[in-house]
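Quick one: the structure is below, and I'll ask about it shortly.
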Amino acid sequence: MKILDQNAGMLTNFEVLNLLRSRGATIDPLGSLGVVSASECKVYSFLADSAACNQTRECIGEFLKRCEKFKLSKTELLNIINLRPSSQPLIYPLIRNCDTRLAKNEDEGIDEVQELVDLVKEVLPPPPANNPDNEEEVKTTEIQQEMQDNKMTETN
């Protein structure tokens with residue numbers, strides 16, 4: 001293999017996972033039979049339990065298109081796609097000067113940070129539920145959905 005252009009761009013976790021899949025990586029390093037290194041299998045194992053395993057090119061493309069109005073940098077978008085923050089406190093460290101760049105006006109009902117969180121939840125699929133690290137996020141999502149359903153039922 002010949003490297004044509006070093007550091008040509010950044011990759012999402014989804015793209016790295018797809019590359020490792022195409023090279024034959026498995027969770028068990030012995031199952032790869034020398035095709036990929038043990039470190040690549042460890043990376044594959046980590047990414048297989050992250051939100052990247054449920055993402056598609058289409059959902060990432062849609063997310064990028066719908067995020068244009070927030071004027072985020074490529075690095076900020078990459079971090080959001082890779083980490084899939086599901087609440088406002090998780091968004092703030094990913095966006096430089098978030099409190100000044102994203103508008104919040106309670107009088108007009110504008111909260112761009114919450115809008116971005118809602119967009120993440122809507123477009124980017126959640127991590128797999130079988131990972132104990134993600135159980136709390138799955139439970140929180142289920143509770144939020146239940147509360148939303150109850151609100152809709154009460155207003156009708």
Side-chain angles (χ1 to χ4, degrees), residues 1-99 101-102 111-149:
M1 176 177 10
K2 184 177 179 182
I3 298 174
L4 299 177
D5 188 8
Q6 283 184 321
N7 299 323
M10 298 179 285
L11 297 174
T12 64
N13 288 349
F14 166 75
E15 293 167 318
V16 173
L17 183 62
N18 273 351
L19 174 69
L20 292 173
R21 281 181 181 150
S22 71
R23 291 178 39 94
T26 63
I27 292 175
D28 178 22
L30 297 176
S32 298
L33 297 176
V35 177
V36 293
S37 68
S39 62
E40 288 175 313
C41 288
K42 286 185 182 200
V43 171
Y44 176 83
S45 176
F46 171 78
L47 293 177
D49 287 336
S50 72
C53 75
N54 293 329
Q55 292 175 347
T56 63
R57 290 191 192 285
E58 292 78 24
C59 75
I60 291 173
E62 180 183 349
F63 178 76
L64 292 173
K65 185 176 181 180
R66 291 176 63 181
C67 276
E68 287 175 357
K69 71 177 188 175
F70 297 112
K71 297 181 176 130
L72 301 172
S73 71
K74 290 180 181 181
T75 305
E76 291 166 338
L77 289 168
L78 181 73
N79 283 328
I80 292 170
I81 291 168
N82 285 344
L83 299 174
R84 197 194 173 274
S86 59
S87 65
Q88 286 191 20
L90 297 175
I91 287 276
Y92 276 90
L94 302 179
I95 300 173
R96 185 177 49 86
N97 300 324
C98 184
D99 51 344
R101 290 176 53 206
L102 298 180
D111 187 355
E112 287 187 332
V113 176
Q114 186 58 47
E115 199 176 321
L116 181 57
V117 169
D118 293 341
L119 181 62
V120 167
K121 289 180 182 178
E122 178 186 337
V123 178
L124 298 176
N130 60 352
N131 186 345
D133 295 338
N134 300 329
E135 283 181 20
E136 187 171 320
E137 181 177 339
V138 171
K139 287 178 187 175
T140 303
T141 304
E142 289 172 356
I143 291 169
Q144 288 172 344
Q145 184 63 40
E146 200 173 298
M147 289 171 61
Q148 224 173 20
D149 293 342

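These numbers were taken from a predicted model, which means no experiment stands behind them.
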Check your understanding: When rounded to the nearest 0.5 angstrom, what is the spacing between CG in Leu72 and CZ in Arg101?
Key ->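 Reported value, rounded in 0.5 Å steps: 6.0 Å.
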
Point to revise | CG-CZ distance between Leu17 and Phe46, expressed to the nearest 0.5 angstrom | key: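 Output value for this atom pair is 11.0 Å.
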
**Study point:** Within-4.5 Å side-chain heavy-atom neighbours: Leu90 and Leu83
**Key:**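 With C-beta onward as the side chain, the pair stays apart.
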
Exercise for review: Hey, could you give me the CD/CZ distance between Glu40 and Arg23, rounded to the nearest 0.5 Å?
Suggested key: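 The CD atom of Glu40 sits 4.5 Å away from the CZ atom of Arg23.
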
Check your understanding: Is a side-chain N or O of Arg84 found less than 3.5 angstrom from the main chain of Leu124, in a donor-acceptor match?
Key ->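 Checking the backbone N and O of Leu124 against the side chain of Arg84, a donor-acceptor pair under 3.5 Å is found.
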
Point to revise | Ala48 versus Cys53, closest heavy-atom pair with distance | key: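 Shortest heavy-atom separation between Ala48 and Cys53 comes out as O-SG, 3.4 Å.
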
Check your understanding: Does Ile81 offer a backbone N or O that forms a donor-acceptor pair with the side chain of Gln55 under 3.5 Å?
Key ->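 Yes, because the side chain of Gln55 sits within donor-acceptor range (under 3.5 Å) of the backbone of Ile81.
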
Check your understanding: For the atom pair CD1 (Ile95) and CG (Leu77), what is the distance rounded to the nearest 0.5 Å?
Key ->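 Ile95 atom CD1 to Leu77 atom CG measures 8.5 Å (nearest 0.5 Å).
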
Review point. Roughly how far, to the nearest 0.5 Å, is the OG1 atom of Thr56 from the CG atom of Asn18?
Key: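 Asn18 CG to Thr56 OG1: 10.0 Å, rounded to 0.5 Å.
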
Check your understanding: If you measure only the distance, is there a donor-acceptor pair under 3.5 Å linking the side chains of Thr75 and Ser73?
Key ->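 Thr75 vs Ser73: no donor-acceptor pair found between side chains.
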
Review point. What distance separates Glu112 CD from Lys71 NZ, expressed to the nearest 0.5 Å?
Key: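 Those atoms lie 9.0 Å apart.
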
Check your understanding: Taking the side chain from Ser45 and the backbone from Lys42, do they hold a donor-acceptor pair closer than 3.5 Å?
Key ->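 No, because the side chain of Ser45 does not come within donor-acceptor range (under 3.5 Å) of the backbone of Lys42.
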
Practice item. Just jot down the salt bridge (Lys or Arg N to Asp or Glu O under 4.0 Å) partners of Arg96, sequence neighbours excluded, or say none. Key: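 Testing Arg96 for salt bridge (Lys or Arg N to Asp or Glu O under 4.0 Å), a comparison that skips the adjacent residues, returns none.
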
